[in-house]
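Data block below; observations after.
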Amino acid sequence: MSRHLNYREALREALREALTVDPRVFLMGEDVGRYGGTYAVTKGLLDEFGPERVRDTPLSELGFTGAGIGAALGGLRPVVEVMTVNFSLLALDQIVNTAALYHYMSGGQFSVPLVIRMATGAGRQVGAQHSHSFEGWYAGLPGIKVLAPATIEDARHMLAPALADPDPVLIFEHTVLYNLEGELADDCTVDICSAKVRRPGGDASIITYGGSLQKSLQAAEILAGEGISAEVVDLRVLRPLDDATIMASVAKCRRAVVVDEGWRSVSIAAEVMARIVEQVFYELDAPVSRVCTEEVPMPYARHMEDAALPQAGKIVAAVKGLFA
Amino acid sequence: MSRHLNYREALREALREALTVDPRVFLMGEDVGRYGGTYAVTKGLLDEFGPERVRDTPLSELGFTGAGIGAALGGLRPVVEVMTVNFSLLALDQIVNTAALYHYMSGGQFSVPLVIRMATGAGRQVGAQHSHSFEGWYAGLPGIKVLAPATIEDARHMLAPALADPDPVLIFEHTVLYNLEGELADDCTVDICSAKVRRPGGDASIITYGGSLQKSLQAAEILAGEGISAEVVDLRVLRPLDDATIMASVAKCRRAVVVDEGWRSVSIAAEVMARIVEQVFYELDAPVSRVCTEEVPMPYARHMEDAALPQAGKIVAAVKGLFA
Amino acid sequence: MSIDHPAPPPPSGPVPYDKPLALALLADMLRIRRLEEKAAELYGAGKIRGFLHLYIGEEAVGVGVLHALQPEDNIVATYREHAHALVRGMDMGVLMAEMFGKREGCARGRGGSMHLFDRTTRLFGGNAIVGGGLPLAVGLALAAKMSSEGSLPQGNLLSGAVGGAVKQRITACFFGDGAVAEGAFHEAMNLAALWQLPVLFCCENNLYAMGTALERYESQTDLCVKAASYNMPARSVDGMDVVAVHRAAEDAAAEVRSGAGPLFLELRTYRFRAHSMFDAELYREKAEIDEWKSCGPIHTYSGRLKAEGKLTEEEFLALDAAAGAEVARAVDFAEAGTWEPVADLLKDVHTAVGAAP
Amino acid sequence: MSIDHPAPPPPSGPVPYDKPLALALLADMLRIRRLEEKAAELYGAGKIRGFLHLYIGEEAVGVGVLHALQPEDNIVATYREHAHALVRGMDMGVLMAEMFGKREGCARGRGGSMHLFDRTTRLFGGNAIVGGGLPLAVGLALAAKMSSEGSLPQGNLLSGAVGGAVKQRITACFFGDGAVAEGAFHEAMNLAALWQLPVLFCCENNLYAMGTALERYESQTDLCVKAASYNMPARSVDGMDVVAVHRAAEDAAAEVRSGAGPLFLELRTYRFRAHSMFDAELYREKAEIDEWKSCGPIHTYSGRLKAEGKLTEEEFLALDAAAGAEVARAVDFAEAGTWEPVADLLKDVHTAVGAAP
Ligand SMILES: Cc1ncc(C[n+]2csc(CCOP(=O)(O)OP(=O)(O)O)c2C)c(N)n1
Ligand SMILES: Cc1ncc(C[n+]2csc(CCOP(=O)(O)OP(=O)(O)O)c2C)c(N)n1
Ligand SMILES: [Mg+2]
Ligand SMILES: [Mg+2]
């Protein structure tokens, strides 16, 4: 059996379930309560669970993220919402210097079972200060896990294992996905350790995550029409990367394109490429290539934003380039 | 003609010169004045130039970095010192969301001629919160330039072109270099756009920067003893990367190791590897490999810190691995 | 029905200005109002996109303060800054074109509604990071102070010397009540007060940060007490009264300009519209909005002018019509604007070599 | 010669404690003093490395406050936290081993001097980011409050229930005067006051942040005024007087525990040594240091005890000798300690699966 719902609803169901099954869980963030959540993800939860468990915070990203770390240390299971990844820069010190280091630095004495959710990505003409994709920075940090749900299934089911994890887990929700609709099987479960092949193929691997998954699937569809069978791998977990699944796909297809909405330099795409070179260099029939966001602050105008971002057309071109 | 001096003195001379030749230049940061600078770089400058031009700030990284941006917009040429890259996380929002984006976002109306200096790196047993190497994050940001002086020459001469640059320039000084001694030619000049071959060789390229340059040179020396001629490339400029110099070396040697004190994942090393694959894949005789810091918060104990960091021995092993 | 945030009594009393200034204030409030009503409509029509934050209800604040400043002063504003750009002198067509994303916009269509910049009027954005403009203002003021004190040649500063004589340039920094909770506020206030910099902090306190009311996010709701904790003088002003705002701002600007150090103005106001175009307004009562609308800055002020005989209904209608016509021209200008060529995508990431920064 | 920061008059007056408590306070101050004198020596000898920050001169603060707390309370400290770890109950050998980088240290030698952690005494670090501990303390207090209010099973909380009955756990957060300038301070103070959380903010005001004196980095040097700007009660205490500190902390802790919300204690003290081992102390006069030394917490307090007949010279010497012997044993323990095997480098980056967090 399955149901039809959207990504936003799936996230909300996951939060509702967490609040219901575990009294230690609470939500905290800017406008998660009365306003109903900037992206309406938490809408209705304040009425259902009350202001102790759905906490509106002041505009104090560093402060309330740090408070979430403290609350986790104190035995609770906070789910902190940072409105977007852009504002998470203000909280970064706490995430890096406290949350990520704490377990190791204390010689294993303390753990920080904290979940931080944030919206990421561009595509809605909200300009240079609201369109970043900094999940790559987080993906480089020892001590944390980083998730990027790109499907209804992952939106619905990644939260529970994230909360069960004894260490900090960051969840990146791409803003263009909130309205994504789909079927959700009643009996599905997901892990938070593996990448997943979303479309099998044999000629080229398209390795991607988050907001670029749909574009990659579109590209694969177009390529299929032109006789190229592309396999689409959804990383899902940006840290730790599931090398096995990536390498199996690349070794099979012998050609690969990495698609990543982050700026090109020092990106997750670069990391995936480096690992491919390290691990399956001799299986490659062509240089790995990547499709990333152009290295500009995101322009507001629609056509310029479109030009800056990865698009299905660019992915198609990059895959074809592998056969040149 | 040449003189003998250390890296710290070279930096100080550069600052003194800047303060002398341009009345718009001033220094600002925590303890740059009375204390004499945490790493004694600015020692004596307060007495020489007075408290208006050598400004001690409160512990307010976000605030005074932002003030530096504003002062640059207002026509001055601030040199902001952030005590270490670890604390720069507190200032990151201003660096990213204001300094780096400003020129583009304003449609080219305003520029931010700001220089930010910070210490980076590990190796002095100062533990997990004081040993980061986040220059890789900055190297991924459009709108800024990122320098990593690893020699006396660069310490002495990178500041002037950085100040002459109309956009924000970040300078990363590795803490273990402050006591590095060397000869400085009186007539030397440097640019802030190119990588440099520090030791020529023909069998393998070792591509590195900052605190890892000396280790790479040591490794090359050891390798020479074993009949392997390694070429050491000092990136010097982490953004924009000088692809031409990197690729020329790799194309010549056909084998390459990238050495980077950042954590391995999503690092500058990954970026260099990705570019090598993109640009000179068919010239490679072996997969590119990398020597980075192990993915742990930096431990305090000397032997553990040593084990976590890149070392000449590991570089030698990696280079030999290219011939396996 | 009880109202969480009662409105002040409607402003009253004589308007102590001669007619030209009295009408200029009204005209600017009308220009903002009509511009933004149109912008809301154009958002619905898909001509303007992204985030759009309207100032409707708060016009007295921007108009009152900006009319108290000099052309050489610096302005730092937030994402809710159409008013500031307009009153400061940005052409309405250029502003509208920016919101359309057209090349003829002030930032070539790259900024949009939240990122209006204008070098000629010294408008330093348009900052969409809450609190982000505060440190910037401190730095601009530091530059102004260091140069006016003669340690620097004035000619070196952006846009050249301030007149012939050395005259203190001040920096007006606008920010919302929500920004007060940010660490950036704290650090900026301390720096400005410590270094006695010429900053006029203008807190546009509309009692809400998005959907969170002031008392639900601030442990101390008297914002002037905050300023005191930095040893900074502070005044609270009825932000629904353009006269009160203008007079307070004139006094404050004069003090700041005289070298007395920074000053904090709390301008108590109210936003009549939703926070942005995505806001269902679940967090406040309609009755509260209505009560504040009853002391709306335009009709109370025009009422006072009429009562004093400084304004006739015909004059009011003429001003309003002029504002409407200006908006119509602005829309035409924006519509006729062009799209930046995609080939220019990478232009201006860095300052072109040789450009004077 | 004028002194920038005159010392308060040496503490005097009766010591209102019975002998065991009176001597316990003295003993702990001596233990800290001897431990740190040794640490400085061992730094010179290369046994301790990295950054080492001594508390010498400030002993009355840590001892006074920590003796006023309960075992179930949470402690958050800075990089200058040997005293806090020790008084809280960390074995001196374990502490010393940590500074040696030995596996027998509290954090297996991974933390060093700046990162002392102790789960059993609820010491949550040892934080070397100035201001970094403040938000953490707020969160710990939030957890304590939410659980004590019965919305949560106490048993779920770290280290289990607090006794049988539900009793309010409080969180004492230590930080320096320098931290007050950080945005983190501001955000944490506001959150704690807004949510009325059981946090005792303990500002160890030693008048300097590294080489910068308070008045050179704070526009408002009365730190209690800062607390007022968050609607938080605040008291300033002579931090050179262990009696004053202890009594103030007892009162404050009781109030915070009773649910009255957070409280801010300014503990005015002075560091007798350099900031760290790399500090040439260019920024203050020797005369100033000497003046403060004359009201040093150990000799003034022991003098008072002697004057009251609560302490004999023999008892003093015995306590001092015991402290010395404890230090010697601690050094032996650390010397005999082992090095963590390099093979364990990657251990504990993540919590082992199945471990109870
Ligand atoms: C650092 C940061 N956090 C959150 C946001 C999202 N946000 C945009 S406006 C806003 C409310 C700000 O309220 P206030 O400062 O009172 O200004 P107002 O919108 O009322 O004019 C929020 C939370 C942001 N832009 N920046
Ligand atoms: C965020 C941050 N900025 C700068 C530093 C470097 N630093 C370490 S201690 C210190 C002085 C702190 O002074 P204060 O808070 O008064 O504590 P004290 O050392 O006097 O006990 C500084 C600047 C740091 N550790 N963290
Ligand atoms: Mg507001
Ligand atoms: Mg201090």
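Reckoned from all heavy atoms, side chains included, excluding hydrogens, waters and symmetry mates. Letters A, B, ... are given to chains in the order of the sequence lines, protein chains preceding strands, and every chain is numbered from 1.
Using a 4.5 Å heavy-atom cutoff, the side chains of B:Arg16 and B:Phe49 are in contact.
For C:His115 and B:Tyr102, the ring centers are positioned 6.0 Å apart or more. Ring-centre distance between B:Phe172 and B:Tyr138: below the 6.0 Å cut-off.
Between C:Arg110 and C:Glu340 there is a salt bridge, since a side-chain N of the basic residue sits under 4.0 Å from a carboxylate O of the acidic one.
Ranked by non-hydrogen atom pairs under 4.5 Å with chain C, the options B:Thr98, B:Leu90, B:Thr65, B:Asp93 are led by B:Asp93. Interface remark: of the candidates C:Asp118, C:Leu116, C:Val138, C:Thr120, C:Asp118 forms the most heavy-atom pairs closer than 4.5 Å to chain B. Between chain C and the options B:Ala72, B:Ala67, B:Gly108, B:Pro78, the largest number of non-hydrogen pairs under 4.5 Å is found for B:Ala67.
Here B:Asp154 pairs with B:Arg198, B:Arg236 under the side-chain hydrogen bond (donor to acceptor under 3.5 Å, both in side chains) rule; sequence neighbours left out. Residues satisfying the side-chain hydrogen bond (donor to acceptor under 3.5 Å, both in side chains) criterion with B:Ser106, sequence neighbours excluded, are absent altogether. Applying the side-chain hydrogen bond (donor to acceptor under 3.5 Å, both in side chains) rule to C:Ser113 yields the partners C:His82; only residues at least two apart in sequence or on another chain are considered.
For B:Phe26, the part lying near chain C is the side chain, with the backbone staying farther off; criterion is any non-hydrogen pair under 4.5 Å. Contact of B:Ile144 with chain C is made through the backbone alone, with heavy-atom distances under 4.5 Å.
Residues of residues 83-108 of chain C having a heavy atom under 4.5 Å from any heavy atom of chain B, listed by number: C:Cys106, C:Ala107, C:Arg108.
Listed for the C:Arg122 side chain is no donor-acceptor partner under 3.5 Å among the backbone atoms of C:Ile75.
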